[in-house]
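I have placed the structure first, in the form of structure tokens, so that the comments after it can refer back to it.
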Number of protein chains: 2
Amino acid sequence: MVVVNKHTKIISAATKVFAKKGFFTARISDIAKEAKVADGTIYIYFNNKYDILLSIFEEEIGKIFAKTEILLSEEQDPSRMLQIYVSQYLQAMKKNKYLGEVIQIELRQTNKVIRNYRKNKFSAYTNIISDIIRKGQDQGIYRPDILPDVAKRAFFGALDEVSGVWNISLETHYSVEEITDQILSLFLQGVLLGTNQVK
Amino acid sequence: MVVVNKHTKIISAATKVFAKKGFFTARISDIAKEAKVADGTIYIYFNNKYDILLSIFEEEIGKIFAKTEILLSEEQDPSRMLQIYVSQYLQAMKKNKYLGEVIQIELRQTNKVIRNYRKNKFSAYTNIISDIIRKGQDQGIYRPDILPDVAKRAFFGALDEVSGVWNISLETHYSVEEITDQILSLFLQGVLLGTNQVK
DNA sequence: AGTACATGAATGACTATTCATTCATGTAAT
DNA sequence: ATTACATGAATGAATAGTCATTCATGTACT
């Protein structure tokens, strides 16, 4: 029998259960069952239910964040940077099909712990977008009338909402590459300074 | 003393409390307190906690849906239609500053009841977007390479995410009109067929 | 024979919902 | 105009069920 790290086993069980049921409706016993451990075992590895959720963020989203930052640091062209951002996010969501739902569901749970966490760590992740847009504006290739703080929200909202498509039976025929291209070309054309200006 | 309908009073108290605390963390007694009624009174007007949440959707979102559909039926130009869609949504969210958060938070709560409701009624609302895009493609003014079902998600995701800006202290200086313009010009330029094509 | 890890039944805190009771208002008989 | 009675909306304390968390006990490895 392959012995898998219990911590990891619990994390991935919890991701699945949270995605299916939502944080509050998910029972510790559901997670324990899914991970094939006893309820009490979970408390050897985590302090409490919130801690499991936070760990999912720390570990899973932290990975995306870190990898994206490394890739971006080697790039200067804003549009290529956005391309990296989108594809990293969507590839990660595709790889772990429950993660997207956990982010969607849990990021919005109104809870002091999560709110704080979100404010600090997560907004750093979305601020990457507004920074890229500002860079493009400074280089004179992006529309100066775009408000980076509004655009970053629009952009991340689009990404977030789109990151669930593969779980919907009807729309499974779209690939990561297709979705990445769509979002990117939609947004890039929207943000570029050029001859096709609206208004 | 102005006597307000208790049903309405409870709905708006619940919207506020749900927005602040989230559905699961909100206590019936919080809602009762906010509405200045007794806990038990709530059960005269609603069957249970979920029923309150569903009623918020039915009543508040139903209103936006209905009004948007009427306005759209009098319009033929896809871009003007999108303009109507965005401004109706954002105006409603601005008017009731808690509603946006309730939608953001609660639409994602994984719960059979909500999920079903969302599938049926709510996706009809977002499908308006993909219908408009198809219309624009048929008229030859929108890019034929855009996938309407992906774009609708991107578009609604952007709207949804952006609809909370006025509640964030730092960014309160943006007006509804500004946000509407930003989203719209970003998206319209992104979707239009023209000389500024990406790729 | 000691250490570390794992178990799951028992505990206790929390809160949605219920329901016996109160109270404000309306009706009508005198 | 006053009294008696009826109604049902409103109340909030009590109930009852649900889990997160604990811990006494077990297991296995060194």
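Protein chains get the first letters and strands the later ones, always in sequence-line order, with residue 1 at the start of each.
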- prompt: Any side-chain donor-acceptor pair under 3.5 Å between Arg143(A) and Gln137(A)?
  reply: no
- prompt: Looking at the side chain of Ile44(B), which of dT7(C), dA9(D), dG12(D) is the nearest nucleotide?
  reply: dA9(D)
query: Whole Å only: how far is the CD1 atom of Ile42(B) from the P atom of dT18(C)?
result: 13 Å
query: Is the distance from OP1 or OP2 of dT18(D) to the nearest side-chain N or O of Arg27(A) less than 4.0 Å?
result: no
message: What is the distance, to the nearest angstrom, from the NZ atom on Lys36(B) to the P atom on dG12(D)?
response: 14 Å
- line: Rounded to whole Å, the CG-P distance (Asp51(B) to dA16(C)) equals 15 Å
task: Could you tell me the separation between the NZ atom of Lys49(B) and the P atom of dT17(C), rounded to a whole number of Å?
output: 8 Å
Asp160(B) bridged to Arg153(A) by N-O distance under 4.0 Å: no
Pair Arg27(B) + Asp39(B): basic N to acidic O under 4.0 Å: no
query: Got a salt bridge between Arg134(B) and Asp131(B), using NZ or NE/NH1/NH2 to carboxylate O under 4.0 Å?
result: yes
- request: Identify whether any heavy atom of Phe46(B) sits under 4.0 Å from a base atom; if not, whether one sits that close to sugar-phosphate; answer base, sugar-phosphate or nothing.
  value: nothing
statement: Rounded to whole Å, the CZ-P distance (Phe23(A) to dC19(D)) equals 13 Å
- request: Measure from the side-chain N and O atoms of Glu34(B) to the backbone N and O of Ile31(B), and report whether any donor-acceptor pair falls under 3.5 Å.
  value: no
field: Between dG8(C) (C1') and Tyr43(A) (OH): distance, integer Å
entry: 13 Å
message: For Ser29(A) and Gly40(B), find the nucleotide of DNA chain D closest to each by heavy atoms; which residue's nucleotide sits nearer the 5' end?
response: Gly40(B)
task: Look at the side-chain N and O atoms of Lys6(B) and state whether any lies under 4.0 Å from the OP1 or OP2 oxygen of dA10(D).
output: yes
Phosphate OP1/OP2 of dA10(D): any Tyr45(B) side-chain N/O under 4.0 Å: yes
query: Atom CD1 of Ile31(A) to atom C1' of dC19(D): distance rounded to whole Å?
result: 12 Å
- prompt: In whole Å, what is the span from the CD1 atom of Ile28(A) to the P atom of dC19(D)?
  reply: 12 Å
